[in-house]
Amino acid sequence: MRKNEELVDECWTALAMIRRTIEDHCPPGVLPEDEMVYGLYAPTMMGEAEAISRAIVATVAKLQVQGTLKPPAPNIKA
């Protein structure tokens, strides 16, 4: 059986991987910096998870707004 410390390290590593993915592929500003997360939520895995969850929701909301404001493509056959 693995040690609790190893599991905690793996969880932080997984959250860091998800954070990097959001930072690379989502709109700027949807995910606060690490230090801001500590102040806004908590300096814990759950605090980081909450920040990531909110960033995903914010990204989806921004994509939905972009999708509704974008006019349809012109009909090529017209």
Side-chain angles (χ1 to χ4, degrees):
M1 185 165 225
R2 293 175 14 188
K3 294 181 184 178
N4 189 35
E5 294 168 5
E6 290 175 2
L7 293 173
V8 169
D9 288 344
E10 276 190 26
C11 289
W12 277 113
T13 301
L15 288 170
M17 184 186 321
I18 296 166
R19 170 178 274 283
R20 280 192 308 276
T21 301
I22 289 173
E23 290 172 343
D24 290 346
H25 300 283
C26 293
V30 295
L31 183 60
E33 297 290 330
D34 291 339
E35 295 80 18
M36 287 188 68
V37 169
Y38 300 158
L40 291 170
Y41 306 106
T44 62
M45 280 188 263
M46 289 305 293
E48 180 71 4
E50 184 175 357
I52 288 169
S53 297
R54 289 178 184 255
I56 292 168
V57 170
T59 299
V60 170
K62 286 184 179 197
L63 292 174
Q64 287 176 340
V65 167
Q66 288 175 355
T68 57
L69 296 178
K70 195 176 198 178
N75 189 346
I76 297 172
K77 295 180 182 181

Contacts of type side chain to side chain contact (heavy atoms under 4.5 Å, CB included), residue L40, not counting sequence neighbours: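 Once residues adjacent in sequence are excluded, the partners of L40 under the side chain to side chain contact (heavy atoms under 4.5 Å, CB included) criterion are P32, M36.
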Original post:
Can you name the residues that form a side chain to side chain contact (heavy atoms under 4.5 Å, CB included) with L15, not counting sequence neighbours?
Top reply: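 L15 satisfies side chain to side chain contact (heavy atoms under 4.5 Å, CB included) with W12, M45, E48, A49, I52 only.
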Strictly by side-chain hydrogen bond (donor to acceptor under 3.5 Å, both in side chains), give each pair with a member in residues 27-41 just once, sequence neighbours left out.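 Qualifying pairs, neighbours excluded: R19-D34.
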Review point. Are I56 and V30 connected in the hydrophobic side-chain network, where two residues link if heavy atoms are under 4.5 Å apart?
Key: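 Yes, one cluster joins them.
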Quiz prompt | Minimum heavy-atom distance V37-G47, with the two atoms named | solution =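 Taking V37 first and G47 second, the nearest heavy atoms are CG1-O, 3.7 Å.
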* Asked: To the nearest 0.5 Å, what is the distance between SG (C11) and CD (E6)?
  ->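 Reported to 0.5 Å precision, the distance equals 12.0 Å.
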Reported CG-to-OG1 distance for the pair L31 and T59, which is rounded to 0.5 angstrom: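 Atom-to-atom, L31:CG and T59:OG1 are 8.5 Å apart.
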